[in-house]
Number of protein chains: 2
Amino acid sequence: MGNRFIDKLHGFSPLSPDEVKVLAKATANPRKFARRIDLIREGDRPGPVFVVLEGWACRYKILPNGTRQVLAYLMPGDSCDLHIGLLAEMDHSIQAITPALVATVDRVEMDIILDSNRGIAKAMYLSQLIDEGTMRAWITSMGRRSSLERVSHLMCELYMRARNIGLIDALDRLALPLSQALLADSLGMTTVHLNRVLKVLRESGAMTIERGVLHIEDPEKLIRMAGFDENYLHRRLRQVA
Amino acid sequence: MGNRFIDKLHGFSPLSPDEVKVLAKATANPRKFARRIDLIREGDRPGPVFVVLEGWACRYKILPNGTRQVLAYLMPGDSCDLHIGLLAEMDHSIQAITPALVATVDRVEMDIILDSNRGIAKAMYLSQLIDEGTMRAWITSMGRRSSLERVSHLMCELYMRARNIGLIDALDRLALPLSQALLADSLGMTTVHLNRVLKVLRESGAMTIERGVLHIEDPEKLIRMAGFDENYLHRRLRQVA
DNA sequence: CGTCCTCTTGATTCCCTTCAATATGAGTGG
DNA sequence: CCACTCATATTGAAGGGAATCAAGAGGACG
């Protein structure tokens, strides 16, 4: 397998062979993180930019009362905020969900790369814009969608994002390493209720999650149930330099 | 009054006199928007970068079922995404809440400004990081805070942000031009319930909203009720170049 | 093969929505 | 300046969706 980060950026903005080399070099020495290990914690001083090459991770926040809110999922190829190093401290934590291969790019090095490679810069900015759009979609879900819509919407999103990076298998299924507890904590519901919603979705014939495998049986139906509009994932990009 | 945009950025990263001049020139010809007028709509092709000089605006999204979700409030000095021009279309709309004075900075011009003024670039990136942190705080609120906590938390946030830009009057009050319908649409609740929560807050002696004026009577109490931690607004900035 | 984690299901409670009516206030035009 | 209108705010009553509490089933793993 290649470098999923490069693949992703390449999809946003055609990279020159030189730029590919630069990115390959910058992510050449990834570190392994075991499941459930924090890459960085709320309150920590931000360090290098994280680039997830393999595996899944999530951003999350723990509240004073002990509950957790998942803020975003990071899939292979995803990276954390570009300019994060400007902040004095993290306002959330990032944790590996599966064993993960994560490259770290030094802040200064990243700045140099961005300054001298317009293609990379453009792709990174696009990537960040999409992450922001995704956050807005999450806010929308939490605020104005029913729990059934919310769950279906997240599944649509994860499926689309996974498809974009080639994570869907030949049988049209996605290995989804997310426990119901984690999903519940990202959707603002309890595990009990999430479980019931998943049952409804299963019995409606729209989709199933079995043993960590998501299968969308009736895409049309699921999209309809979710009110899903993938515009926020911005696959259609502006064709200007 | 000066230029609130420059004031804000200056607070993030000391700007050289030259940089101040550049910003003043770039925002020299603002446009007036009446209340309830969209600056840009979901589906529109993004144009220039918007900079709110005076007045309030909000980002929002309308769902298929007709409900609305407010995604963020823009106060004087706030701007929308820097690289927004890279996208083919907007995934949300932006609307003036009050009569507003909004400067538009051409995308190419903005790129040039960023490239040739490190101080401005740094301040803008910081600003964007804070906006992202704010979105994460909203997700957290919606997902894991009770309605009482949610309302108090938003009031704490708006108060702090307003204070940072000098919008609090001598009597420690804030002119808050947000209807209960708007507030409800940002907090994921109904106007009826929001109204009841505001009543509880009023009767508890923590805060009041009367005729568009927010007064926090017992800051300690409100902060405690909200579980508010202002770290996500990143006032303490890293002291490195 | 026992332990722990995750998933599943039932019963009860309650927070919030929905529906409905009234009050208050701002803006407009005669 | 006052009557009229429309938007906004307030309050009550009833119903529903999701949380909570509780218990058991299914899998993964040493």
Side-chain angles (χ1 to χ4, degrees), chain A residues 34-36 56 63 65-70 95 97-99 141-152 154-155 175-204 207-215 225, chain B residues 34-37 56 58 63 65-70 95-99 141-152 154-155 175-203 207-215 225:
Chain A
R35 193 162 161 267
R36 305 236 168 141
W56 289 55
L63 280 83
N65 61 21
T67 56
R68 173 179 61 171
Q69 177 62 48
V70 173
Q95 183 170 110
I97 296 174
T98 65
S141 272
M142 308 272 255
R144 286 289 177 246
R145 279 193 252 261
S146 71
S147 60
L148 184 66
E149 292 170 323
R150 221 150 63 227
V151 175
S152 341
L154 178 61
M155 293 307 139
L176 202 71
L178 313 175
S179 71
Q180 292 187 4
L182 201 63
L183 287 171
D185 281 345
S186 33
L187 293 163
M189 38 201 290
T190 59
T191 55
V192 173
H193 191 57
L194 171 68
N195 184 281
R196 290 184 171 126
V197 171
L198 287 176
K199 188 180 180 182
V200 170
L201 283 167
R202 192 189 318 132
E203 291 177 345
S204 77
M207 53 152 279
T208 62
I209 299 183
E210 267 181 317
R211 257 161 269 166
V213 175
L214 167 68
H215 183 218
M225 290 174 97
Chain B
R35 192 161 163 266
R36 303 235 171 141
I37 298 297
W56 289 55
C58 67
L63 279 82
N65 62 21
T67 58
R68 172 180 62 169
Q69 177 63 47
V70 173
Q95 183 169 112
I97 297 173
T98 66
S141 271
M142 307 273 255
R144 286 287 177 247
R145 280 193 253 260
S146 71
S147 61
L148 184 66
E149 292 171 321
R150 223 151 61 227
V151 175
S152 343
L154 178 61
M155 292 308 138
L176 202 71
L178 313 175
S179 71
Q180 292 186 6
L182 201 63
L183 287 171
D185 281 346
S186 34
L187 293 164
M189 37 202 288
T190 59
T191 55
V192 174
H193 191 57
L194 171 68
N195 184 282
R196 289 182 172 128
V197 171
L198 287 176
K199 188 179 180 184
V200 170
L201 283 167
R202 193 187 318 132
E203 292 178 344
M207 54 152 279
T208 62
I209 299 183
E210 266 181 316
R211 257 162 268 170
V213 175
L214 167 68
H215 183 218
M225 289 174 100

Hey, could you give me each pair passing salt bridge (Lys or Arg N to Asp or Glu O under 4.0 Å) that has a residue in residues 175-197 of chain B? Not counting sequence neighbours.
Arg144(A)-Asp185(B), Arg68(B)-Asp185(B)

Does OP1 or OP2 of dA9(D) have a side-chain N or O of Asn195(B) closer than 4.0 Å?
no

Quick one: is Lys199(B) getting a side-chain N or O under 4.0 Å of the dT10(D) phosphate, OP1 or OP2?
no

Pairwise distance CD1(Ile209(B)) to CG(Leu194(B)) - rounded to 0.5 angstrom
7.5 Å

Point-to-point distance, once rounded to the nearest 0.5 Å, from CD of Gln180(B) to OG1 of Thr190(B)
10.5 Å

I'd like to check the side chain to side chain donor-acceptor pair (under 3.5 Å) partners of [X]; sequence neighbours left out, ordered by chain and number.
X         : value
Ser179(B) : none
Thr67(B)  : Asn65(B)
Ser147(A) : His193(A)
Ser186(B) : Tyr73(B)

Atom-to-atom span, CG of Leu194(A) to C1' of dT9(C) - whole angstrom
14 Å

Rounded distance in Å - CG (Leu176(A)) to C1' (dC7(C))
15 Å

Side-chain heavy atoms of Met189(A) within contact of Val197(A), under 4.5 Å
yes

Please tell me if the side chains of Met155(B) and Met225(B) come closer than 4.5 Å, counting only heavy atoms from C-beta onward.
no

The helix from dC1(C)-dG30(D) to dG30(C)-dC1(D): angle between end helix axes, five pairs per end, rounded to 10 degrees
50°

Return yes if some donor-acceptor pair links the side-chain N/O of Arg145(A) with the main-chain N/O of Arg150(A) below 3.5 Å, else return no.
no

Set out, line by line, the N/O atom pairs under 3.5 Å between protein and nucleotides 25-30 of chain D.
none

Take Leu154(B) and Ser141(B), measure what side-chain contact (heavy atoms from CB on, under 4.5 Å) needs, and give me the verdict at the end.
CA-CA 9 Å; Leu154(B) 178 61; Ser141(B) 271; over 6 Å; no

Looking at DNA chain D, which of residues 181-193 of chain B put a heavy atom within less than 4.0 Å of it?
Ala181(B), Val192(B)

Locate the shortest heavy-atom distance separating Thr98(B) from Trp56(B); write the atom from each residue and the value.
OG1-N, 2.9 Å

Partner residues of Arg35(B) under the side chain to side chain contact (heavy atoms under 4.5 Å, CB included) criterion, sequence neighbours left out:
Pro99(B)

Suppose we call a contact any N or O donor and acceptor under 3.5 Å apart; does that hold for the side chain of Arg196(A) and the base of dG17(D)?
no

By a strict heavy-atom criterion of less than 4.0 Å, which residues belonging to residues 142-150 of chain A are in contact with DNA chain C?
none

